[in-house]
Amino acid sequence: MQRDTKVFDLIQQELERQRNGIELIASENFTSLQTMQAMGNVMTNKYAEGYPGRRYYGGCEIVDQTEQLAINRIKEIFNCEYANVQPHSGAQANAAVMLAVLKPGDKILGLDLSMGGHLTHGSPVNFSGKLYEPHFYGVYKETGLVDYEKLEEVAEKEKPKLIICGASAYSRDWDYERIRAAADKCGALVMADIAHPAGMIAKKLLKDPFEHCQFITSTTHKTLRGPRGGIILIGKDFENPFGAKDMKGNTRMMSNLLDMAVFPGTQGGPLEHVIAAKAIAFGEILTDEFTNYARQIQLNAQAMATAFTKRDYDIISGGTDNHLMLIDLRNKNLTGKKAQETLDKAHITLNKNAVPFDDKSPFVTSGIRVGVPAITTRGMKEQHMDTVVDFLDKVLKNPDDEKNVFSVSNMVKELMKNFPLYPEL
Ligand code: DSN
């Protein structure tokens, strides 16, 4: 068969784009070479519906071993009793937890998308807001911090079955203990979606959600630096408190319900090639090198916040505990859309983002979200953060000056030569 040079050409162009740019999208990262290579392997050819040792297809004896390795490693990382490594994404992981514990129409309570939450935490345009009855808490206007009082008030009034914590654009740690106390009062379960800060939680650099939340979901490609995908974890297995029974009338353990909710509930055949890559990435997380990486993420994020504040950028909540920050650009007379589009031309990639109580549409927005996991993987340290912010500021000060934008784009390319990406390729 003829090699498809058209597609391989585009892949090469994407590699060059990634090499030349400063990647500040908070949810992106660069996998190790071995993790990436494992995604292009023959296990993509294999059907393996079911779980290790109990599949619906023959020939699963090898993929059983990679999947079991991925399960064992992620359980060791988070010191937890149960892991499902099959979800194709974070959204799929959240869908499976909800399918396992909720009935259509049940109430859920999550952080409002416009305040930093996620689509799958009850947005009306997502399955979570269509199949279930969504209620929301937000953040305080003055401080940008989660409004736990509101969470407690809505929980008491609405008595949701599931309270969701976690966010896509929130730079502070969570009070899981307080959320669990509110949940216990109204008989709800708690799901922590740790997709963003998982890498720091894995290394105990942020609070531990396992102590207080019955379910933990995550993607594997953000701060965990693995392949694109999802996982579901539970610290301690428990009987389903909402009384779902199997056909023989026995109460189901939650691990069993979660397995069934992933397959056959919401997915078919698992992506065993991606699971092999997850196993490799999880092995990397268990090393000291990753501990240093997770620490460096936090140091870089804090150095970056200082560099922004020095230049009079308005960081929501005034700083960061994790890997990202949300910046309100209204004092700079700029929209998020304009900033994102102009920075793109300078090879600085980030995303426009609504800020809490935004007066602009989600397509325009008043803010940008900035994250450091990817540039930290490339080897940048605290001392480089000021340079990165300086480049960004140069562009945003004169967004319509094309010569200036072009000159910054050249400086970006030069800088990134010092931080090689996949030199073997
Ligand atoms: N998790 C989102 C992000 O943070 O970019 C995408 O769903």
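Values reported hereafter were calculated over all heavy atoms of this structure, with side chains retained and with hydrogens, waters and symmetry mates removed. If you're wondering where the values come from, they're calculated on a predicted model, not measured in any experiment. We count ligands from 1, going down the list as the structure has it; atoms in each ligand are counted the same way.
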Where at least one partner belongs to residues 353-377, residue pairs that pass salt bridge (Lys or Arg N to Asp or Glu O under 4.0 Å), sequence neighbours excluded: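 Pairs touching residues 353-377 that pass the test: Arg330-Asp359.
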Could Glu414 and Lys417 be called an ion pair, given the rule that one side-chain N must be under 4.0 Å from one carboxylate O?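 Judged by the 4.0 Å cut-off on N to carboxylate O distance, Glu414 and Lys417 do form a salt bridge.
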Lys141 with Asp147: basic N within carboxylate O range, under 4.0 Å: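 So Lys141 does not pair with Asp147 through a salt bridge.
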Report the residues that fulfil side-chain hydrogen bond (donor to acceptor under 3.5 Å, both in side chains) with Lys236, sequence neighbours left out, ordered by chain and then residue number.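 Residues passing side-chain hydrogen bond (donor to acceptor under 3.5 Å, both in side chains) with Lys236: Glu81.
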Which residues pass the side-chain hydrogen bond (donor to acceptor under 3.5 Å, both in side chains) test with Ser171, sequence neighbours left out?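 In terms of side-chain hydrogen bond (donor to acceptor under 3.5 Å, both in side chains), with neighbours along the sequence ignored, Ser171 is linked to Ser317.
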Residues around ligand 1, heavy atom under 4.0 Å from any ligand atom, sorted by chain and number. Can you pull those?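 These residues qualify: Ser27, His118, Ser168, His196, Lys222, Arg369.
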Is it the case that the side chain of Asn29 and the backbone of His221 share a donor-acceptor pair, with hydrogens and angles ignored and the cut-off at 3.5 Å?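 Side chain of Asn29 to backbone of His221: no pair is present.
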